[in-house]
Trainee: 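Here it is, the structure, as structure tokens.
These numbers come from a predicted model, not from an experiment.
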Amino acid sequence: MNFNDELKARTQHVNAVIRDYLPKETGFQKTVLSAVNYSMEVGGKRLRPMMMECTYQMYGGRSTLIAPFMAAMEMIHNSSLIHDDLPALDNDAMRRGKKTTHKEFGEPMAIMAGDVLLNYAYETAFRSFDELKHKDEDPSVCSRIAEALRVLAAKSGINGMLGGQSCDVEYEGRALTEKQVEFINTTKTGALIEGSLMIGAILAGAPADQVSKLEEIGRDIGLAFQIQDDILDVTGNAQEFGKPIGSDVRNKKTTFVSLFGVPAGKQRVERLSENALRNFDSLSAEHEFLRRLLEELATRRK
């Protein structure tokens, strides 16, 4: 199977995993649950849960223990997108080629949907303990789940994604330094990529030094991914990109590209990707598809 075929198959698989954990649209809170599911089902690359499953497989993971964490990570990611698109933040009307959640359900319900989805992600991750029932599991698995939950919370919290988002909002319209921009990028975007690579390895029982290396790889890939996103916001095609381009300029947002230009941005992406791949090749385990996926992220057009 070639890379594109395997990517398509893995994306379909991740989508099926996520659907298994989406809430039922019933009860008096049906509307907000519909908004939650709308945001989860409009598509997406599913990179984070895909990376998580790959590192789980790399280190010998074979059970369904990983599934709740895969769904939870994508829920956390999508909760941030719902809030990012709101009028008070980026004020985007399109996401992945479809109307954003606040355009479909209204701003108040979109705010609630983002909140619900973030909390529901943790409810979902805790369901990993259900996978242990009636099974002859290694006793250490419980401690692995606890460590994976710790990483999930840390990478999505104030020192991770939410910390980066808060700074992104606070500093909007200001002239920022490269150090400030890099902090926002490595937390708002990179932290969930770091966490995805780490959690898969943790649940499979990988040694601590391997988990630390994956965290470093995730940091470089996350930063490269965000710079490439900023490049596409300047040079991309709106139809191919799935959302309007030029939002960074409209919102007067300082990015690596606005500081140093597109050519320098492309060079930085290349250096970060090369460093990540060198580290990946030094790991004690290997995964051909994941390596190719990390390589492709630097040259993506959407």
Trainee: Any side-chain donor-acceptor pair under 3.5 Å between Ser284 and Gln210?
Mentor: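 A pair is found: one side chain offers a donor N or O, the other an acceptor, under 3.5 Å apart.
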
Trainee: Flag the pair Arg219 and Glu194 as a salt bridge only when some basic side-chain nitrogen lies within less than 4.0 angstrom of an acidic carboxylate oxygen.
Mentor: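 No.
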
Trainee: Are Tyr56 and Val151 linked, directly or through intermediate hydrophobic residues, by side-chain heavy-atom contacts shorter than 4.5 Å (ILVMFWY only)?
Mentor: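 Yes; tracing contacts between hydrophobic side chains, which count when under 4.5 Å, links both residues.
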
Trainee: Is the backbone of Gly190 close enough, under 3.5 Å, to the side chain of Asn185 for a donor and an acceptor to pair up by distance?
Mentor: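 Absent.
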
Trainee: May I ask you to check whether over 12 heavy atoms, not counting those of Glu286, lie within 6.0 Å of atom CD?
Mentor: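 No, CD of Glu286 has 12 or fewer neighbouring heavy atoms, counting only those of other groups under 6.0 Å.
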
Trainee: Checking Thr187 side chain against Gly163 main chain: does a donor-acceptor pair fall under 3.5 Å?
Mentor: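 No; zero donor-acceptor contacts below 3.5 Å.
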
Trainee: Which distance, rounded to the nearest 0.5 Å, do you find between the CG of Asn275 and the CG of Leu223?
Mentor: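 CG of Leu223 is found 11.0 Å from CG of Asn275.
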
Trainee: What is the minimum heavy-atom distance between Arg96 and Ser39, and which atoms define it?
Mentor: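 In terms of heavy atoms, the two residues are closest at NH1-O, 3.7 Å.
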
Trainee: Please evaluate residues Met70 and Ile18 with respect to the criterion side chain to side chain contact (heavy atoms under 4.5 Å, CB included), reporting the C-alpha separation (whole Å), side-chain torsions for both, the decisive distance (0.1 Å), and the verdict.
Mentor: CA-CA 7 Å; Met70 291 169 63; Ile18 290 170; over 6 Å; no

Trainee: Quick one: does Lys188's side chain get under 4.5 Å of Gln226's, heavy atoms only?
Mentor: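 Not touching, per the 4.5 Å side-chain cut-off.
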
Trainee: Using the rule side-chain contact (heavy atoms from CB on, under 4.5 Å), only one of Ile199, Leu214, Leu197 pairs with Met51; which is it?
Mentor: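 By the side-chain contact (heavy atoms from CB on, under 4.5 Å) criterion, Met51 pairs with just one of Ile199, Leu214, Leu197: Leu197.
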
Trainee: Side chains of Gln180 and Tyr171: donor-acceptor distance under 3.5 Å anywhere?
Mentor: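 Note: Gln180 and Tyr171 side chains miss the donor-acceptor criterion.
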
Trainee: Can you list the steps and then say if Met58 with Leu283 is a side chain to side chain contact (heavy atoms under 4.5 Å, CB included)?
Mentor: CA-CA 10 Å; Met58 272 178 71; Leu283 294 168; 3.9 Å; yes

Trainee: Can Phe256 and Phe260 be said to form a ring pair (Phe, Tyr, Trp, His ring centres under 6.0 Å), step by step?
Mentor: CA-CA 6 Å; Phe256 189 90; Phe260 302 108; 4.8 Å; yes

Trainee: Are any of the side-chain heavy atoms of Asp85 and Thr101 separated by less than 4.5 Å?
Mentor: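 Side-chain contact under 4.5 Å: no.
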
Trainee: Do Ile217 and Phe289 sit in the same hydrophobic cluster, where Ile, Leu, Val, Met, Phe, Trp and Tyr count as joined when their side-chain heavy atoms come under 4.5 Å apart?
Mentor: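 Yes, Ile217 and Phe289 fall within the same hydrophobic cluster.
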
Trainee: How long is the gap from CD on Glu53 to CZ on Arg48, to the nearest 0.5 Å?
Mentor: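 Result: 16.0 Å between the selected atoms.
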
Trainee: Between atom CG of Leu22 and atom CG of Leu117, what is the distance when rounded to the nearest 0.5 Å?
Mentor: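 Atom-to-atom, Leu22:CG and Leu117:CG are 8.5 Å apart.
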
Trainee: In terms of side-chain heavy atoms, does Gln165 have a donor or acceptor partner in His83 at a distance below 3.5 Å?
Mentor: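 Side-chain D/A pair, Gln165 to His83: absent.
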
Trainee: Charged N to carboxylate O below 4.0 Å: is that the case for Lys99 and Glu104?
Mentor: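 Looking at Glu104 together with Lys99, the answer is yes, because their closest N to O distance falls below 4.0 Å.
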
Trainee: Answer yes or no: does atom CG of Asn159 have more than 12 heavy-atom neighbours from other residues, nucleotides or ligands under 6.0 Å?
Mentor: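 Atom CG in Asn159 is not packed in, count stays at 12 or less.
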
Trainee: Do NZ/NE/NH1/NH2 and the carboxylate oxygens of Asp5 and Arg10 come within less than 4.0 Å?
Mentor: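 Answer for the salt bridge query: no.
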
Trainee: Between Asn2 and Glu6, is a side chain to side chain donor-acceptor pair (under 3.5 Å) present by the stated rule, with each step listed?
Mentor: CA-CA 6 Å; Asn2 66 33; Glu6 186 166 357; over 6 Å; no

Trainee: What are the two closest non-hydrogen atoms of Val36 and Ala113, and how far apart are they?
Mentor: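 Distance-wise, the nearest heavy atoms are CG2-O, 3.7 Å.
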
Trainee: Roughly how far apart are Ile221 CD1 and Leu272 CG, rounded to 0.5 Å?
Mentor: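 One gets 8.0 Å once the value is rounded to the nearest 0.5 Å.
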
Trainee: Check for me whether Arg291 meets the cation-pi criterion with Phe280, that is, NZ or CZ under 6.0 Å from the six-membered ring centre and within 45 degrees of the ring axis.
Mentor: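 Relative to the ring axis of Phe280, which defines the angle, Arg291 lies outside at least one limit.
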
Trainee: Indicate yes or no: does Lys253 engage Asp230 in a salt bridge with an N to O separation below 4.0 Å.
Mentor: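 Here Lys253 does not pair with Asp230 in a salt bridge, since their nearest N and O are not under 4.0 Å apart.
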
Trainee: At their closest point, which heavy atom of Ile231 faces which heavy atom of Gly265, and how far apart are they?
Mentor: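 So the minimum-distance heavy-atom pair works out to CD1-C, 3.7 Å.
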
Trainee: How far apart are the C-alpha atoms of Glu74 and Asn78, what are their side-chain angles, what is the distance that settles it, and do they pass the side chain to side chain contact (heavy atoms under 4.5 Å, CB included) test?
Mentor: CA-CA 6 Å; Glu74 191 69 4; Asn78 275 272; 3.4 Å; yes

Trainee: Does any part of the side chain of Glu25, heavy atoms only, come nearer than 4.5 Å to the side chain of Asn37, both counted from C-beta?
Mentor: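 Side-chain contact under 4.5 Å: yes.
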
Trainee: Would Lys213 and Ser282 count as having a side-chain donor-acceptor pair, cut-off 3.5 Å?
Mentor: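 Short answer, yes.
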
Trainee: Should Ile76 and Leu86 be counted in the same cluster of Ile, Leu, Val, Met, Phe, Trp and Tyr side chains packed under 4.5 Å apart?
Mentor: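 Ile76 and Leu86: separate clusters.
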
Trainee: Can you give me the closest heavy-atom contact between Ala121 and Ala72, atom names plus distance?
Mentor: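 Between these two residues, the closest heavy atoms are O-CB, 3.2 Å.
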
Trainee: Grab the two heavy atoms, one from Thr254 and one from Arg174, that are nearest each other, plus how far apart they are.
Mentor: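 Looking at all heavy atoms of both residues, the shortest contact is OG1-O, 2.8 Å.
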
Trainee: Does the side chain of Leu152 come within less than 4.5 Å of Met73's, by heavy atoms?
Mentor: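 In contact.
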
Trainee: Has Thr189 got a side-chain atom pairing as donor or acceptor with Thr186's backbone, closer than 3.5 angstrom?
Mentor: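 Not confirmed, Thr189 side chain does not pair with Thr186 backbone.
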
Trainee: Give me the atom names and distance for the closest heavy-atom approach of Lys45 to Met50.
Mentor: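 That closest heavy-atom pairing would be O-CE, 3.9 Å.
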
Trainee: May I ask you to say whether Glu182 pairs ionically with Arg268, meaning some side-chain N is under 4.0 Å from a carboxylate O?
Mentor: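 Judged by the 4.0 Å cut-off on N to carboxylate O distance, Glu182 and Arg268 do form a salt bridge.
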
Trainee: Less than 4.5 Å apart, any side-chain heavy atom of His102 and any of Pro87?
Mentor: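 Of all side-chain heavy-atom pairs linking Pro87 with His102, at least one is under 4.5 Å.
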
Trainee: Given side chain to side chain contact (heavy atoms under 4.5 Å, CB included), test Arg144 with Leu149 step by step and report yes or no.
Mentor: CA-CA 9 Å; Arg144 293 181 203 169; Leu149 287 166; over 6 Å; no

Trainee: For the CE atom of Met161 and the OG atom of Ser156, what is their distance to the nearest 0.5 Å?
Mentor: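 Atom-to-atom, Met161:CE and Ser156:OG are 5.5 Å apart.
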
Trainee: Once the angle between the rings of Tyr38 and Phe105 is folded into 0 to 90°, is it parallel (under 30°), tilted (30 to 60°) or perpendicular (over 60°)?
Mentor: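 Tyr38 vs Phe105 ring planes: perpendicular.
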
Trainee: Answer whether the closest heavy-atom distance between the side chains of Asp168 and Glu172 falls below 4.5 Å.
Mentor: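 Sidechains of Glu172 and Asp168: no contact.
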
Trainee: Could you tell me whether the side chain of Thr255 and the main chain of Ser258 form a donor-acceptor pair under 3.5 Å?
Mentor: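 Such a contact is found between Thr255 side chain and Ser258 backbone.
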
Trainee: Could you tell me if the side chain of Leu47 sits less than 4.5 Å from the side chain of Phe225, heavy atoms only?
Mentor: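 Yes. Closest side-chain heavy atoms under 4.5 Å.
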
Trainee: Considering only heavy atoms from C-beta outward, does the side chain of Arg271 approach that of Gln267 to under 4.5 Å?
Mentor: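 With C-beta onward as the side chain, the pair touches.
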
Trainee: Are Leu118 and Ile158 linked, directly or through intermediate hydrophobic residues, by side-chain heavy-atom contacts shorter than 4.5 Å (ILVMFWY only)?
Mentor: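 Result: no, two separate clusters.
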
Trainee: List the steps, then state whether salt bridge (Lys or Arg N to Asp or Glu O under 4.0 Å) holds for Glu296 with Arg292.
Mentor: CA-CA 6 Å; Glu296 288 288 323; Arg292 179 70 186 277; 2.9 Å; yes

Trainee: To the nearest 0.5 Å, what is the distance between CG on Asn91 and CD on Glu107?
Mentor: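 The distance works out to 8.5 Å.
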
Trainee: When hydrophobic residues are tied together by side-chain contacts of less than 4.5 Å, even through go-betweens, does Tyr120 share a cluster with Val42?
Mentor: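 Same hydrophobic cluster.
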
